There are 2 protein chains.
Amino acid sequence: MPEDVSLATVAARAGVSVSTVSRIVNGEMRRASPATVARVLEAVEAVGYRPNPVGRALKRGQSQLVAMIAANLDNPAMATIASSTEAALREAGYVMVLCDTHDRPELQDEYLEAMRAQMVSGYVLVAAVPSPGLSELSASRAPAVFVNRRNPGGSGAFVGIDDRAAGATVADYFIDRGRRALAVVFPRLGSSASRDRASGFLARLRERGWADEAIIQAAGDGRSHLQIGYDAGSRIFVGSDAPDAILSVSDQIAYGLNRRALECGLKIPDDCELVSIDGTPLNQWVAPWLKSIEIPYALYGAEIVAGLQLIWRGAPFGERLLPCKFG
Amino acid sequence: MPEDVSLATVAARAGVSVSTVSRIVNGEMRRASPATVARVLEAVEAVGYRPNPVGRALKRGQSQLVAMIAANLDNPAMATIASSTEAALREAGYVMVLCDTHDRPELQDEYLEAMRAQMVSGYVLVAAVPSPGLSELSASRAPAVFVNRRNPGGSGAFVGIDDRAAGATVADYFIDRGRRALAVVFPRLGSSASRDRASGFLARLRERGWADEAIIQAAGDGRSHLQIGYDAGSRIFVGSDAPDAILSVSDQIAYGLNRRALECGLKIPDDCELVSIDGTPLNQWVAPWLKSIEIPYALYGAEIVAGLQLIWRGAPFGERLLPCKFG
DNA sequence: CTGAAAGCGCTTACAG
DNA sequence: CTGAAAGCGCTTACAG
């Protein structure tokens, strides 16, 4: 039960000054005599000393906290990113503070300000939305890694996948399977990720001789991707020109599409093939009818923290695109 | 862009001492002359002063941080609890630190210690596992609210549902629907919640004249509830004595059960009715075949924070059981 | 090789 | 009604 032991406690027990203890605790061994080092380490051990991060933060002007500002924790993909980042940060000796902005710019700014006040040593921005505070953050050159959605302000480290390539892969797949009536469903006001997935899909189709007009593009608005998918289904699945293959830029959109398809008496994938980009593990349990490009969200944490550490060391870190699995 | 303004900055601008500014900033208006108060508030406004939480924490011996120690963020229910708690804490002026223990006692203890060092003002323990550190926490009388799983050490504030009643409700439902072959599936090494749900179910059946032996009890081990459900399905759905109604103590177990049922050529709910206790919103999209007792996870945050605030004020807070919806 | 001292930003008895 | 001073726990030039 490590009680409130401070540097002073250890110093008294070891018969040295707090300065000396501080140095040794911080690994500056060479500046002290071996005998002193031994005595101090023994005392540290004996009283169970652990540096107080608050005192340290105040002096250094920087805490061991890292802020994760996420758009929506209820999204399983975000939850997995949060979970893996938290684990990687802990490994590196940091503590993650989680802020859920619910996609609202004012809330995002409120958090950005609160985290600055907490003297966090870095920011992880998952699907950040444009906001004044975000611009300031970029301008301040604070250590930040953007995830999924690139910095709307342009520059900044990024961890994600090659979204355009993912879309293109699906285009190739559909063509090679002989699909004739293609559709793509995406949120109208989406992230850079959604946009890039859809445009990568369309671009590849164009390359392979398809006219843009031949492809159903269903952009959706709405509270959730589930709803966007459902609504798009309402438009797509009626009439005789229903598609025989659909790219959904997220799993949740695909869930919504499937729900509507069922209501229309359509069976996926028999009547219409559906491919999404996400591939969360839940799919195999509740959506075996869904084919996906699997984004390795569980690996994001390690990459994000590696990126932060590079930035802290002053090394360059542009972007890290993780490989996806299709199948 | 609020720069690094300290009390000193404000004091200088207002022509008073930092003590005075500190008092006024902390709402102790009555101790200063109206003129001074006005001057100070004006200066605070002008320079955009915001108290530095780190300095404050060091002095007070307590930060504005609240630790949420959760067993597994990948579980959507936990993610919703985390999200709603985070929102409620922010509202109350606190910042949530998220720790994911992956159900491992050593990790839980590591976090408990780290959070103590951060001088957090409270602990939210979601599905905590027994551990030495947890016992110490209880003994230390630190402000803590247990969620879903009660304090394994006995005492402690609790937010959750009436698990036994939930189980009993399902028992009544099955009997009233004329079901004849009942089963219940739960994790062998489960939380108090899982246990209580199953035992509440069995107890009510007993009350209504059912012999325990007449009910299939499938306790499962495994990494995930999904897997537990799947494995239980492998045992339950074979042979001629398959149940016609199953209580699954969580949605994820139900997903696993359904997957296995499909493989056996069974259709839920036609061949076998399945009821789970959780009722996450995703169900209506991907598991319309699943009937659930809906736990209002989105409301947990407010209750948890209300509980913490009572405890901080020294008021008693035993437990808060939230009402569920069945349908 | 080691320590005294200053100071990070804040709060709070205490004195006036 | 207001301020000087001490101190929360730490780090870091600086002096010796």
Side-chain angles (χ1 to χ4, degrees), chain A residues 2-41 43-44 47-65 93 113-114 116-121, chain B residues 2-41 43-44 47-65 93 113-114 116-121:
Chain A
E3 275 322 308
D4 300 333
V5 292
S6 66
L7 275 184
T9 320
V10 179
R13 191 176 221 275
V16 295
S17 73
V18 292
S19 323
T20 300
V21 178
S22 174
R23 281 187 212 105
I24 293 176
V25 162
N26 285 292
E28 205 149 9
M29 303 303 198
R30 58 191 61 180
R31 287 177 138 337
S33 78
T36 307
V37 171
R39 212 138 31 86
V40 168
L41 291 181
V44 162
V47 303
Y49 171 75
R50 312 265 266 139
N52 179 321
V54 179
R56 179 175 278 180
L58 185 58
K59 182 62 195 169
R60 289 194 181 158
Q62 182 157 135
S63 72
Q64 295 289 93
L65 268 32
E113 169 56 22
R116 208 187 59 90
Q118 291 286 348
M119 304 187 194
V120 298
S121 29
Chain B
E3 276 320 308
D4 301 333
V5 292
S6 65
L7 275 183
T9 318
V10 179
R13 190 175 222 276
V16 297
S17 73
V18 292
S19 322
T20 300
V21 178
S22 174
R23 280 188 214 104
I24 293 175
V25 162
N26 285 292
E28 204 147 10
M29 304 301 201
R30 57 191 61 177
R31 287 178 138 339
S33 77
T36 307
V37 171
R39 216 139 27 88
V40 167
L41 291 181
V44 163
V47 302
Y49 172 74
R50 312 265 266 140
N52 179 321
V54 179
R56 178 175 279 180
L58 185 57
K59 181 64 195 170
R60 289 193 180 158
Q62 183 158 136
S63 73
Q64 294 290 93
L65 267 32
E113 169 57 23
R116 208 187 60 90
Q118 292 286 347
M119 304 186 191
V120 298
S121 29

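Note that these values count all heavy atoms, side chains included, but never hydrogens, waters or copies made by symmetry. Everything numeric here is computed off the predicted structure, so don't read it as measured data. By convention in this document, chain letters (A, B, ...) are assigned in the order of the sequence lines, proteins followed by strands, and residues within each chain are numbered from 1.
In the region residues 10-26 of chain A, proximity to DNA chain D at under 4.0 angstrom, judged on heavy atoms, holds for A/S19, A/S22, A/R23, A/N26.
Between the NZ atom of B/K59 and the C1' atom of D/dC8 there is a distance of 5 Å, rounded to whole Å. B/L58 has its CG atom 12 Å from the P atom of C/dG9, to the nearest Å. Between the CG atom of B/N52 and the C1' atom of C/dG7 there is a distance of 14 Å, rounded to whole Å. Rounded to whole Å, the distance from CZ on A/R60 to P on C/dG7 is 20 Å. When rounded to the nearest whole Å, the span between CD of A/E28 and P of D/dC10 equals 17 Å. Remark: P of C/dA5 and CG of A/L7 are 17 Å apart, rounded to the nearest angstrom. One interatomic measurement links the two molecules: CE of B/M29 to P of D/dT2, which rounds to 13 Å at whole-angstrom precision.
Among the nucleotides C/dG9, C/dT2, C/dG7, the one closest to the side chain of A/A32 is C/dT2. Counting only heavy atoms from C-beta on, B/P51 has its side chain closest to C/dC10 among D/dC10, C/dC10, C/dG9.
Of all heavy-atom pairs spanning B/S63 and B/A57, the tightest one is CA-CB, 3.7 Å. Counting all heavy atoms, side chain and backbone alike, A/V54 lies closest to B/Q118 at CG2-O, 3.9 Å. Looking at every heavy atom in both residues, B/A43 comes nearest to B/V10 through CB-CG1, 3.9 Å. Residues B/R39 and B/G15 share a closest heavy-atom pair of NH1-O, 4.4 Å.
Note that CG of B/L58 is 13.5 Å distant from CZ of A/R56, once rounded to the nearest 0.5 Å. Rounded to the nearest 0.5 angstrom, A/S22 OG and A/E28 CD are separated by 8.5 Å. Taking CZ of B/R23 as the reference point, atom OG1 of B/T36 lies at 11.0 Å (rounded to 0.5 Å).
As the counterpart of C/dA13, no nucleotide is assigned, since no Watson-Crick or G-U wobble pattern has both distances under 3.5 Å.
Proximity of B/S6 to the phosphate of C/dC8: no side-chain N or O atom is located under 4.0 Å from OP1 or OP2. In this model, the phosphate group of C/dG9 is not approached by any side-chain N or O of B/R56 to a distance below 4.0 Å at OP1 or OP2. Within the structure, a side-chain polar atom (N or O) of B/S33 is placed less than 4.0 Å from OP1 or OP2 of D/dT2.
The residue A/P53 sits apart from the nucleic acid: no heavy atom pair falls under 4.0 Å.
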